[in-house]
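I have placed the structure first, in the form of structure tokens, so that the comments after it can refer back to it.
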Amino acid sequence: MRRFAAVLLVMVLVFPLSSYAVSAEDGGDAVLIDFGNGSYRWYENGGGSTFGEVLSSSVDPAVADQVLSESDGGCSWRLYSWSGGWADSGTDLGASASGTVAFGYYPEGFAPVCTPEYRDAWTTLGGSSSASNVSISHGRTDPAMPVEWYNTYTTGYVDSGLVVAGDMLYHTTGGAYGATGGDEDAWVYALDRFTGAIVWKYHEPKGAGYEVTTPLIVGGYLVVTFTCGDVICFDRFTGEVKDTVRVGVDPPTGTDGDVLWDGRVFQTGGTTPVYDSGLIYFGTSSGTVMALSLSPDGRFSVAWEYVPPSDVGPDGGYVGTRGCFYFHAPTIGTVDGKRMLFIGSYEGYVHALDAATGEPVWVKRVVDMRVDNRAAPYTPGSAAAISLSPDGSHLLVGCTDGALFSLEGYLLALDPSTGGALKDGSGAEWRLDALFTSPVVTESGFYTYVSPLAGGSESFESVDGSEVPASTAVYKFDWDGRVVWKSGDYQMIKGALTLDSDGILYGTDYSAGAFWPTGGGLTAWDSSDGHEIWRVLLSPYTQDSYSMVQPTVIDGRIYTGNDFGAVYCLSDVAGEGTEEERVQSLQTVGFAHWSWYLTIAAVVAFVGLFAVMYRRTLNG
């Protein structure tokens, strides 16, 4: 399969950004390179009368070479001119070009979602099919408070990621526990991202009852997987349903009706989907991996489905590699010139597939705790978040015992080509014993929040050879697994961190706002050394407004959400706030606030009156 070579993946994920790229604020004619997987770059238009001339005068040569040479299957580098919308000019680089133009790796009938007016987008969980967790847009060094706007819902928690294109933001809610009617069901919301106003919403009947997958933006469509097993394609501007497919929910069973595999079972349908090179990929809770194509009119068709074996051995024990896929999206990347898909299951296996065909390249069990799994007894655990280094040399796999609050876990580095264990800088097996959030991956290393474990690593080796104590903090590691820096301690973060184009890291506290200052916060760190830039309380909040939401950073705004059923927008604009903020302000401004003077005056008057009455009583 001829596709992006490893050098292209490096160009997409290297940080800081190439000097060729232009920022979202730059005016004039521009050139958009859309890699068809959630990643993109803008460049200044260097001039030329044809697309080929514009490409060679404007774009970094390594990327331009790929545009000039790569095409496979139903995807090719298509050419677009801007005229109030992207006009498809075909694939001939000799075609006439002027003004702002785009090169996009898409099937015919699709166009980029980035536009000259709205240059930045976040179309999928993690920002791209490679799950880099890097935004090429900028956030804020000094957000105004209270938050610019917030939305709260009666339809349950917000645990999905928040995806953005143009002037719209999309997310789901997961259903309110103990509710009746529509509030217990799944909902999809499309918001005006500048005001929080609801543009459209969609109601889906209740499935398993905990909707946590993140919607996917593909051109003019929004794709959402639901726990009832439905995968729905919406017109993302109107909410009109264009097509629905039903995917597997139930695990394989034996003749006695018992589930064959040993791992945990979540009857939740499809995982979070990703889009890459014209196909939509996701795992299913029935233990398969699917690739769907999407037609220009929004209709699905199955490109392939991978079904791992579910065999039972002579002794009746399960020996198959099939297991439940839940929540985590597949990770797509180029390894040795091949576009590959990686996904982990609750049977403890990582499956590496040819992304074009679904054929397995390798399958490896990376965790097996069936003998001593304290948190989820007799189950093997989970191969959870998977990340690929920008140069395609390291596959990071987060392994846990599979419980919501894990007691055991570790991070492994595998050879993406074979699944073999890699060695660290000292020659030992590359392994860090702790719990980790989905890493932010860059050329120089990766950033993650670490939760130490009772039986895990007490310290990690630093790049200078010293030992860094393991604690609840944000870390930067190099690709040998050594600590570059460590932040101060923070109580708990579960959602992935996000890195912006200015080198700022963002993370949302898991713990609720009622526990502030150890919970309910959104924090920004300097990625060069880990020092805290700012930390704010997200309000309104409740006693149980826990959060597993990754911050979405787009064009000076930071969006996040939590289990209160709330979505928040932080920017340089202060919002109206809530009564909670006013009470907090009253409690923290001390004697500088006018209300304290009134209180003191009242107390003084009361004491004076009491003294007068007391003296009269004594004299009477």
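Start at 1 with the first residue, then count along the sequence.
A donor-acceptor contact closer than 3.5 angstrom links the side chains of T508 and T560. Side-chain contact of T334 with R339: a donor-acceptor pair under 3.5 Å is present, judged by distance alone. A donor atom on one side chain and an acceptor atom on the other are found under 3.5 Å apart for K476 and S444. Judged by distance alone, the side chains of Y221 and D235 never bring a donor and an acceptor atom under 3.5 Å apart. A donor-acceptor pair shorter than 3.5 Å cannot be found between the side chains of T172 and E211. Side-chain contact annotation: S382 with D401, donor-acceptor N/O pair under 3.5 Å absent. In this structure, a donor-acceptor pair under 3.5 Å is absent between the side chains of T91 and S76. With no hydrogens or angles considered, no side-chain donor-acceptor pair links S137 and D555 at under 3.5 Å. Defined by atom type and a distance below 3.5 Å, a donor-acceptor pair is missing between the side-chain atoms of T214 and S160. No side-chain N or O of S130 forms a donor-acceptor pair with one of S132 less than 3.5 Å apart.
W304 places none of its side-chain heavy atoms less than 4.5 Å from the side chain of L292. Q550 has its side chain within reach of W122: a pair of non-hydrogen atoms, C-beta onward, lies under 4.5 Å apart. Inter-residue side-chain proximity for L499 and I504 is flagged as unmet; no heavy-atom pair is nearer than 4.5 Å.
Residue D243 holds its CG atom at 9.5 Å from CD1 of I232, rounded to the nearest 0.5 Å. We find the CD1-OH distance between I343 and Y306 to be 10.5 Å, quoted to the nearest 0.5 Å. L162 contributes atom CG, which lies 9.5 Å from atom OH of Y559 (distance to the nearest 0.5 angstrom). In this structure, L505 CG and Y449 OH are separated by 14.5 Å, a value rounded to the nearest 0.5 Å.
Side chain of E305 to backbone of V289: no donor-acceptor contact under 3.5 angstrom is found. Side-chain atoms of T268 never come within 3.5 Å of backbone atoms of Y326 as a donor-acceptor pair (strictly under, hydrogens ignored). At least one donor-acceptor pair under 3.5 Å links the side chain of S58 to the backbone N or O of V54. Side-chain atoms of Y43 never come within 3.5 Å of backbone atoms of I33 as a donor-acceptor pair (strictly under, hydrogens ignored). D526 contributes a side-chain N or O that, together with a main-chain N or O of S528, makes up a donor-acceptor pair within less than 3.5 Å. A donor-acceptor pair under 3.5 Å is absent between the side-chain atoms of D354 and the main chain of G358, judged by distance alone.
Geometric assessment of R431 against the ring of Y410 yields a positive cation-pi assignment under the 6.0 Å and 45° thresholds.
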- Message: As a quick check of understanding, evaluate ring pair (Phe, Tyr, Trp, His ring centres under 6.0 Å) for F266 and Y346, giving each step before the final call.
- Response: CA-CA 9 Å; F266 299 91; Y346 274 78; 4.9 Å; yes
- Does the pair S89 and Y80 meet the rule for a side-chain contact (heavy atoms from CB on, under 4.5 Å), with working shown? CA-CA 5 Å; S89 299; Y80 308 87; 5.9 Å; no
- Task: Could you walk me through whether F103 and F51 pass the ring pair (Phe, Tyr, Trp, His ring centres under 6.0 Å) test, one step at a time?
- Result: CA-CA 9 Å; F103 300 78; F51 278 93; 5.8 Å; yes
- I would like to know whether C114 and R119 meet side-chain contact (heavy atoms from CB on, under 4.5 Å); could you show each step before the answer? CA-CA 5 Å; C114 297; R119 292 195 174 193; 5.6 Å; no
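Salt bridge annotation for E347-R365: present, with a cationic side-chain nitrogen under 4.0 angstrom from a carboxylate oxygen.
Sparse packing is recorded around CD of E108, with 12 or fewer heavy atoms of other residues, nucleotides or ligands lying under 6.0 Å away.
Shown here for S387 and P439, the closest heavy-atom pair between the two residues is OG-CD, 3.3 Å. Nearest heavy-atom pair, V397 versus V366, reported as atom, atom and distance to 0.1 Å: CG1-CG2, 4.1 Å.
H351 and F325 have perpendicular rings, their planes meeting at more than 60° on a 0 to 90° scale where under 30° would count as parallel. Using cut-offs of 30° and 60° on the angle between ring planes, the pair F446 and W479 is tilted.
For F460 and F477, the ring centers sit closer than 6.0 Å to each other. In summary, the aromatic rings of Y105 and W77 are positioned with their centroids under 6.0 Å apart.
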